[in-house]
Amino acid sequence: MSAPWESTDPILAIETSCDETSAAVVIGRKVLSNVVSSQVELHRKWGGIVPEAAARAHVESILPVIEQALADSGVGLGEISAFAATNRPGLVGALSVGVTAAKALAFARSRPMYGVHHLEGHIVSPFATFSGDNQPIEPIFPHMCLIVSGGHTELVWVEAPRVYKVVGQTIDDAAGEAFDKAARLLGLGYPGGAALAELALNGNPSRYKLPRGKAESDLDVSFSGLKTAVMRLVEAAGQSLERSDAAASLQQAIVDALNYRVAIALDRFPEAKAVTLVGGVAANYCLRAAIGDLCHMNSIPFLPAPTELCTDNAAMIGLAAGISLALRETDGPDIDVFASAPLPSQ
Ligand code: KG4
Ligand code: ZN
């Protein structure tokens, strides 16, 4: 299947797998609306996501978010052809809120409903188009996708839409977790990835020597040694720690570790026609620049997700549901939610 997104049918998609309540209306690859209500402020006081609080906050936000997504899109509920929701992987209580809402709407309107794998949403996010896009990115297959978020760090070989193979992953912390844990040690609060990146702007990335996260398999990555090294660095340096240099050195260590794996992956998969970069950490300027340079050296396009679709959102879930629509697949009303699940593969 080379062109799954030629449909003219509007899909209403919902994302509630973690700490963002989101709803979007998409037609094919075109995003008509994408409303995201973040719970970051709620979880900040606990320094991490509390699953029960997340589920409750989704219940409070879901209906207003859906109503806003419909209003922004200019598409009436009666015109929606199919409903979709992330049903795996994620926090089960949180996932249930979105899936229940989509099920209820699909049942009430007698329309199909799709359960979407969250990571498939991230994988297709670079191909979303918005009104006013002058040069929309055309989907290219096969390609190598690096998923980097608070919960995931995976290298995925994308043979075609819905034909995925995980070729590398973290063996411990996700890249976003590595950023967040280091940011906490530098006193930057939660979630600290973006704040750490900002602090690193004026820092010297070669000031402090930090490990590059080697793992057993050369396409896998490990960040636990880095966390320990940062802890030791903070303890040893005490008041004399140059925080912006520490932030820059740490960011460089994470970026080098990831970039190195993508370079190996491109050697191993010379037929790759592009590299995509997706997930919350894909917003990081240093990582974008490094992988952009690597693609340039390999003479292939670099396709990062648009910044507004790096963190969790329902637009990407709508695009992934579009693949099911093109394949004429439907999920039954008994669709369930799963804390973990492998990526789909045809
Ligand atoms: O994709 P996402 O919203 O949530 C998950 O699905 O996990 O990613 C959130 C993660 C957090 O760990 C956050 O610190 C990190 O992405 N993040 C960044 C940046 N912006 C967000 N990390 C590094 N640099 C950034 N600019
Ligand atoms: Zn995500």
Side-chain angles (χ1 to χ4, degrees), residues 13-22 24 34 36-41 43-44 47-49 51 54 85-91 94-95 98 116-126 145-154 156 169-170 173-186 188-201 203 205 223 226-227 247-248 250-259 276-291 304-317 319-320 339-341 343:
I14 298 170
E15 155 65 40
T16 60
S17 67
C18 193
D19 60 343
E20 262 95 29
T21 316
S22 180
N34 182 41
V36 182
S37 166
S38 173
Q39 303 174 5
V40 162
E41 288 308 322
H43 299 290
R44 184 164 283 146
I49 294 163
T86 308
N87 75 321
R88 66 198 195 283
L91 304 169
L95 287 167
V116 174
H117 194 289
H118 181 76
L119 293 188
E120 184 172 41
H122 279 301
I123 289 169
V124 297
S125 62
C145 174
L146 176 61
I147 307 175
V148 273
S149 71
H152 297 275
T153 296
E154 257 130 36
V156 182
Q169 59 203 311
T170 178
D173 291 345
E177 261 179 298
F179 266 105
D180 292 342
K181 286 178 178 173
R184 186 174 309 169
L185 289 169
L186 295 179
L188 292 170
Y190 167 88
L196 189 140
E198 208 183 316
L199 182 62
L201 272 173
F223 289 116
L226 181 60
K227 185 186 68 184
L250 191 121
Q251 174 171 258
Q252 197 62 52
I254 296 176
V255 167
D256 285 354
L258 294 168
N259 196 33
T276 61
L277 176 65
V278 305
V281 182
N284 185 272
Y285 60 87
C286 186
L287 183 60
R288 282 171 106 95
I291 298 190
T307 335
E308 66 267 45
L309 298 190
C310 283
T311 44
D312 289 347
N313 65 87
M316 67 184 194
I317 302 305
L319 258 73
S340 62
L343 264 168

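Just so you know, ligand 1 is whichever comes first in the structure, and atom 1 is the first atom listed for that ligand.
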Atom 19 (C) of ligand 1 [closest protein heavy-atom partner, distance rounded to 0.1 Å]: A194 N, 3.7 Å
Atom 9 (C) of ligand 1 - nearest protein heavy atom and its distance: G150 N, 3.8 Å
N or O contact, G151 vs ligand 1, cut-off under 3.5 Å: yes
Protein N/O/S atoms closer than 2.8 Å to the Zn ion (ligand 2): H118 NE2, H122 NE2, D312 OD1
Candidate pair H43 and C18, rule side chain to side chain contact (heavy atoms under 4.5 Å, CB included), full reasoning: CA-CA 11 Å; H43 299 290; C18 193; over 6 Å; no
Shortest protein heavy-atom distance from atom 22 (N) of ligand 1, along with the residue and atom involved: G193 CA, 3.5 Å
By ring pair (Phe, Tyr, Trp, His ring centres under 6.0 Å) - contacts of H117 (at least two apart): none
Exercise: identify the closest heavy-atom pair between L309 and S125: CD1-O, 4.0 Å
Trace of the side chain to side chain contact (heavy atoms under 4.5 Å, CB included) decision for T276 with L146: CA-CA 6 Å; T276 61; L146 176 61; over 6 Å; no
Residue selection (non-hydrogen contact nearest atom 24 (N) of ligand 1) among L119, V148, N284: N284
Top protein contact for atom 15 (C) of ligand 1, by heavy-atom distance: V281 CG2, 3.9 Å
Check: P191 N/O within less than 3.5 Å of ligand 1 N/O: no
Evaluation steps, side chain to side chain contact (heavy atoms under 4.5 Å, CB included), between T153 and Q169: CA-CA 6 Å; T153 296; Q169 59 203 311; over 6 Å; no
Exam field: side chain T16 to backbone A94, donor-acceptor pair closer than 3.5 Å: yes
Protein contact to atom 20 (N) of ligand 1 [nearest heavy atom, distance to 0.1 Å]: G280 O, 3.6 Å
Polar contact flag for T311 and ligand 1 (N/O pairs, less than 3.5 Å): no
Expected output: side-chain R44 to main-chain P191 donor-acceptor under 3.5 Å: no
Polar contact flag, side-chain donor to acceptor under 3.5 angstrom, Q251-N284: yes
Residues S149, V281; criterion side chain to side chain contact (heavy atoms under 4.5 Å, CB included); working and verdict: CA-CA 5 Å; S149 71; V281 182; 5.6 Å; no
Separation of H122 NE2 from L343 CG (nearest 0.5 Å): 11.0 Å
Closest protein heavy atom (residue, atom, distance) for atom 14 (O) of ligand 1: D180 OD1, 2.6 Å
